[in-house]
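Chain naming here is simple, since letters A, B, ... match the order of the sequence lines and numbering starts at 1 in each. Note that the coordinates shown come from a computational prediction; the quantities given were computed from them, not determined experimentally.
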Amino acid sequence: MIDIKKLRETPELYKTACQQKGCGVDVDELLRLDARQLQLKRELQEIATEKNQTGKAIAKMKDADQRDQAIERMAQLKNQEKALTDEVAQLEPQLHELLLNMPLPVHPDAPVGPDESGNVEVRRWGKVREFDFEPKDHITLGTNLGIVDMERGVKMSGARNYLLKGDGALLHQAVLRLAHEQMVAKGFEPLTVPVLTREETFLGTGWFPEGRSQVYEVPRDELFLVGTAEVPVTSLHMNEILDEADLPKKYVAQSLCFRREAGAAGKDTYGLYRIHQFEKVEQVIVCKNDLDEAEKWHQHILQNSEELMQMLELPYRVLEICTGDMGMAKYRMYDIETYMPSRQGYCETHSASNLLDFQTRRLNLRYRDEDRKVHYCISMNNTVVASPRILIPLMELYQEADGTITIPVALRPYMQGKEKITAH
RNA sequence: GGAGGAGUGGCCGAGUGGUUUAAGGCGACGGUCUUGAAAACCGUUGAACCGUAAGGUUCCGGGGGUUCGAAUCCCUCCUCCUCCGCCA
């Protein structure tokens with residue numbers, strides 16, 4: 001949700017944002033409805049004032065005629081009020097709809113571009129391994145080693161489902177545990193959060209209405225399965241006013257994530273890349289409303305994830321996402337892409353977004369500063385690691401000619417010191 | 001799943017249709033006093049919106065209704081508590 005006051009002051013800024021992001025709404029229409037709505041509210045307020053006064057007067061009236069007159073006046077006022085209220089009731093959902101779909105203007109340095117082709121590579125780390133044998137893909141490797149089972153996953157749950165077994169399951173847990181421990185060591189507060197949450201958490205974090213089709217519903221209980229812990233973690237303090245002294249809130253949460261992948265039919269159907277259920281360690285920071293400070297934390301959460309990739313010795317690159325590819329809610333966004341041999345390139349494994357006060361406005365998440373003034377917080381988030389997607393580069397880059405997989409040094413403590421995954 | 005009870009400001013808590021402008025207390029903040037502190041006393045102490053301002057409006061868990069008038073009465077949803085059942 002954008003700030004309607006800012007929109008009134010600088011509509012051009014928002015028209016630009018709509019253009020740059022290739023989404024959004026008719027700004028002039030929104031302003032027209034907003035002006036009408038303000039006018040109606042003003043008139044309603046005047047009526048309410050007179051109603052209040054008249055109501056109080058009636059209580060003190062002794063004269064019956066006078067009293068009847070006042071009551072009749074009240075009836076008139078109520079009729080007027082009804083007419084205006086009806087118009088507001090008609091106007092408000094339209095206005096709300098437009099506001100919900102109004103994109104957030106971006107950081108001045110964010111690259112402008114129509115789609116992913118406009119994303120800008122910021123840096124690369126690590127050397128992509130050159131194989132002196134024909135490398136296998138993660139499914140072939142995993143199936144041969146008995147650590148990945150796609151067939152039975154599909155048997156039980158349909159396409160895009162899988163299961164991990166033995167050292168595969170352990171490797172999955174090992175990555176998550178390493179990531180989680182690193183974040184706790186950096187001072188992030190660990191949370192376990194609900195993965196079934198209410199609609200308002202999805203609306204508040206900006207997943208709804210746009211991404212509704214991506215989310216599994218449990219209609220009987222009016223709950224939804226989260227696609228990321230970002231939803232419950234960012235919603236944690238919704239409708240609260242925090243103390244500035246308690247900011248920033250730095251949270252890390254590991255959770256299951258569920259995605260329907262509607263509209264992705266036929267895309268990335270092979271392997272563990274695009275699947276319905278996975279596990280993710282997510283970092284979320286809620287800080288005060290200061291652009292410089294937010295930028296600092298945004299870089300911080302990006303760096304945290306890069307450090308983990310470096311511990312895992314996986315080659316990656318950092319992309320700054322351009323306007324057309326970042327989504328309406330984002331102010332600035334980086335992806336980390338990790339090299340995946342079977343996909344012959346760098347593929348997204350992390351996404352670091354600074355959303356400014358876009359989510360916090362929807363969530364009504366605020367803080368009180370030293371002068372006791374109330375402001376909306378700024379929220380941002382980044383993947384620490386998501387598995388099994390990260391197992392793709394891990395298995396493929398660490399494979400040996402004999403079909404075994406060397407376990408990265410950083411993960412060995414989480415796998416009973418084991419160095420290699422072999423068939424048995 | 002069944003049966004009861006309850007939601008009022010940062011917290012506790014009064015308020016069963018109109019002098020409520022939500023009493024009173026606690027906490028917090030400011031002041032007086034003090035070398036400093038404590039105590040005592042005095043004062044301040046929610047949010048959103050409209051308005052240049054004065055001021056006004058809305059909010060007593062959410063939504064709807066009754067009434068000239070609702071924190072108060074009715075409906076509904078949510079949340080919490082107690083007991084029973086089930087359960088990792």
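- The ring pair (Phe, Tyr, Trp, His ring centres under 6.0 Å) test applied to Phe208(A) returns Phe202(A), Phe224(A), not counting sequence neighbours.
- The residue among Gln45(A) and Leu38(A) whose nearest nucleotide of RNA chain B is located toward the 5' end is Leu38(A).
- Residues satisfying the side chain to side chain contact (heavy atoms under 4.5 Å, CB included) test with Leu91(A), not counting sequence neighbours, are Leu33(A), Arg36(A), Gln37(A), Leu40(A).
- Trp207(A) meets the side chain to side chain donor-acceptor pair (under 3.5 Å) test with no other residue; sequence neighbours excluded.
- In terms of the side chain to side chain contact (heavy atoms under 4.5 Å, CB included) criterion, residue partners of Cys257(A) (sequence neighbours excluded) are, by chain and number, Ser255(A), Phe278(A), Lys280(A).
- In this entry G1(B) has C84(B) as its Watson-Crick or G-U wobble partner, both defining distances falling under 3.5 Å.
- In 5' to 3' order, the nucleotides of RNA chain B bounding all contacts with chain A (an atom under 4.0 Å from a heavy atom) are G18(B) to U79(B).
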Can Lys418(A) and Arg412(A) be said to form a side chain to side chain contact (heavy atoms under 4.5 Å, CB included), step by step? CA-CA 6 Å; Lys418(A) 205 174 202 176; Arg412(A) 289 177 194 173; over 6 Å; no
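- Residues from residues 233-246 of chain A with heavy atoms under 4.0 angstrom of RNA chain B: there are none.
- Across all strands shown, Lys5(A) has heavy atoms under 4.0 Å from sugar-phosphate atoms exclusively, and none from any base.
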What pairs of donor and acceptor atoms, side-chain ones from residues 347-357 of chain A against any protein atom, are under 3.5 angstrom apart with sequence neighbours left out?
residue: Thr349(A); atom: OG1; partner: Ile336(A); partner atom: O; Å: 3.3
residue: Thr349(A); atom: OG1; partner: Thr338(A); partner atom: OG1; Å: 2.7
residue: His350(A); atom: NE2; partner: Val384(A); partner atom: O; Å: 2.9
residue: Ser351(A); atom: OG; partner: Asp335(A); partner atom: OD1; Å: 3.0
residue: Ser353(A); atom: OG; partner: Lys330(A); partner atom: NZ; Å: 3.2
residue: Asn354(A); atom: OD1; partner: Leu356(A); partner atom: N; Å: 3.0
residue: Asp357(A); atom: OD2; partner: Arg361(A); partner atom: NE; Å: 3.2
residue: Asp357(A); atom: OD2; partner: Arg361(A); partner atom: NH2; Å: 3.3

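- Residues passing the side chain to side chain donor-acceptor pair (under 3.5 Å) test with Thr406(A), sequence neighbours excluded: Glu400(A).
- Remark: His375(A) engages Tyr367(A) in a ring pair (Phe, Tyr, Trp, His ring centres under 6.0 Å) (not counting sequence neighbours).
- For Glu81(A), the side chain to side chain contact (heavy atoms under 4.5 Å, CB included) test picks out Leu44(A), Ile47(A), Lys51(A), Lys78(A), Thr85(A), with sequence neighbours left out.
- If you check residues 197-205 of chain A against RNA chain B, the residues with a heavy atom closer than 4.0 Å are Arg198(A), listed by number.
- For Gln310(A), the side chain to side chain donor-acceptor pair (under 3.5 Å) test picks out Tyr316(A), with sequence neighbours left out.
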